[in-house]
Amino acid sequence: MRFDVQLFGLPATEYTQLACHAERLGFDTVWLADHVVTPARYARIYPYRRSGDPGIRPSTPLVDVLVTLGHLAARTSRIRLGTGVLIAPLRDPFLIARAWASLQQLSAGRAVLGVGVGWMAEEFAALGVDFTTRGARTDELLRVLDLLWSGQPVAHHGRFFAFPTVHFGPPPHPPVPVVVGGHSPAALRRAARHGSGWFGPDVDLATSARLCRQIDELRERSGAGGPFTHHVRLAGEISVAAAEAYRDAGLEHLVVAPFTRLPAGATAADRRAALDSVAERLAPLWPDSHPVGTTGRDSS
């Protein structure tokens, strides 16, 4: 099995400390969640919690995920670097394409572009972007990324984006994996059609397994080829027994978010200890090729 860690809402300097520590422990990928701004008032309709409250407050620190991943690329050497997920319709496709092509080169092929359409209408309003068309905008944006990363002179005339023939440059090498997040029918279709993976929300095992089956069926019906990875949130207790239940369901690449269980006022040392605890508890399932830093194995 492989295990990832998702980070969000931390002081900017902590991302480096935790990503480097996650790499030493043997985590496969570090995912950064994304928001650009926190509206003073917004509807509590977060789709992945029954309460609708995402836990984001005006005091929650936000970082630019692109800048932060670039910094992490310079401070790490093995762990993969992704967005879990980037709110794609808030961005320009040219800037996304250039940023991730650069990150892929600077990180020696460790970049992963995770995209979603967002859920907070007030954030879109603050940035002057139409919330109601975010899904269609994202679909077209992903098509534009494919064009720009083709290595060929390209032009595009679509509903949201239009440009004459341009030369973007050589394609990223290796190609940037695009992982699509979300659990709506449209998101599942988007993952099956555009992605090389799916980034699952914080839902229970039965729901994750059902959503993965739906994506696999969509891919099979469309004749989609190539590798595809389900990055599924390990919900509830973090333990060998819980992870084995996911493995038995055919889900072997799990994402943990251990800091959500920490009390208010938790420190950087508390978060580092939480990562240690996850690695220790899941050590029997860790890939042989990855070290587990808290069990006495040398991570060099």
Side-chain angles (χ1 to χ4, degrees), residues 4-10 30-66 68-69 82-93 95-96 112-142 145 159-161 178-195 197-204 207-208 210-212 214-215 218 230-235 255-257 259-260:
D4 304 341
V5 61
Q6 185 182 37
L7 305 180
F8 176 71
L10 307 174
V30 57
W31 301 93
L32 304 191
D34 175 47
H35 277 287
V36 178
V37 67
T38 307
R41 296 181 180 179
Y42 63 88
R44 300 301 199 264
I45 54 171
Y46 183 59
Y48 308 124
R49 289 185 184 170
R50 291 182 179 179
S51 67
D53 185 356
I56 303 170
R57 301 292 182 264
S59 60
T60 302
L62 301 178
V63 300
D64 185 301
V65 292
L66 310 181
T68 305
L69 289 174
T83 44
V85 288
L86 182 77
I87 307 174
L90 293 180
R91 268 75 172 201
D92 179 274
L95 300 183
I96 294 177
V112 186
L113 173 57
V115 299
V117 302
W119 61 271
M120 188 188 292
E122 296 85 353
E123 184 175 17
F124 279 72
L127 273 67
V129 179
D130 182 23
F131 181 74
T132 63
T133 58
R134 67 196 189 282
R137 180 184 294 271
T138 299
D139 289 335
E140 186 176 337
L141 181 148
L142 291 172
L145 291 183
R159 177 182 175 188
F160 302 101
F161 310 106
V178 176
V179 174
V180 176
H183 70 332
S184 70
L188 301 185
R189 291 193 297 270
R190 187 173 298 116
R193 182 169 59 246
H194 294 294
W198 177 63
F199 190 85
D202 186 8
V203 295
D204 59 39
T207 302
S208 288
R210 174 176 55 81
L211 295 172
C212 289
Q214 291 178 12
I215 294 172
L218 288 168
H230 295 287
H231 303 269
V232 176
R233 175 71 70 88
L234 176 56
V255 182
V256 299
F259 310 143
T260 60

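Residue numbers count from 1 along this sequence.
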Using the side chain to side chain contact (heavy atoms under 4.5 Å, CB included) criterion, which residues pair with [X]? Sequence neighbours excluded.
X: Ser208; value: Val203, Val232, Leu251
X: Phe160; value: Thr133, Ala136, Arg137, Glu140
X: Arg50; value: none
X: Asp53; value: Tyr42, Arg44, Ser51, Arg57

To the nearest 0.5 angstrom, please state how far the [atom1] atom of [X] sits from the [atom2] atom of [Y].
X: Leu32; Y: Leu7; atom1: CG; atom2: CG; value: 6.0 Å
X: Leu234; Y: Gln6; atom1: CG; atom2: CD; value: 12.5 Å
X: Leu113; Y: Leu145; atom1: CG; atom2: CG; value: 6.5 Å
X: Leu90; Y: Arg134; atom1: CG; atom2: CZ; value: 10.5 Å
X: Phe161; Y: Leu141; atom1: CZ; atom2: CG; value: 5.0 Å
X: Thr132; Y: Phe124; atom1: OG1; atom2: CZ; value: 10.0 Å

Nearest heavy atoms of [X] and [Y], plus distance in Å:
X: Gly55; Y: Arg49; answer: N-NH1, 3.8 Å
X: Pro89; Y: Gly116; answer: CD-O, 3.4 Å
X: Ala191; Y: Gly197; answer: CB-O, 4.4 Å
X: Phe199; Y: Val255; answer: CE1-CG2, 4.1 Å
X: Val180; Y: Ala187; answer: CG1-O, 3.9 Å
X: Val65; Y: Leu86; answer: CG2-CD1, 3.7 Å

May I ask you to test the [X]-[Y] pair for a side-chain heavy-atom distance under 4.5 Å?
X: His183; Y: Thr207; value: no
X: Val36; Y: Ile87; value: no
X: Val115; Y: Arg91; value: no

When you measure from the side chain of Arg233 to the backbone N and O of Gly200, does any donor-acceptor pair fall under 3.5 Å? no

Is Glu122 reaching over with its side chain to a backbone N or O of Arg41, donor-acceptor style, under 3.5 angstrom? no

Across all chains, not counting sequence neighbours, the ring pair (Phe, Tyr, Trp, His ring centres under 6.0 Å) partners of Phe259 are none

Under the ring pair (Phe, Tyr, Trp, His ring centres under 6.0 Å) rule, collect the residues that match up with His194, sequence neighbours excluded. none

Run Leu142 and Arg193 through side chain to side chain contact (heavy atoms under 4.5 Å, CB included) and show every step you take. CA-CA 10 Å; Leu142 291 172; Arg193 182 169 59 246; over 6 Å; no

Apply side chain to side chain contact (heavy atoms under 4.5 Å, CB included) to Trp198 and Leu211, showing your working. CA-CA 10 Å; Trp198 177 63; Leu211 295 172; 3.7 Å; yes

Do you know which of Val63, Thr83, Asp64 makes side-chain contact (heavy atoms from CB on, under 4.5 Å) with Leu69? Thr83

In terms of side-chain geometry, is the basic nitrogen of Arg190 or Asp139 positioned less than 4.0 Å from the acidic oxygen of its partner? yes

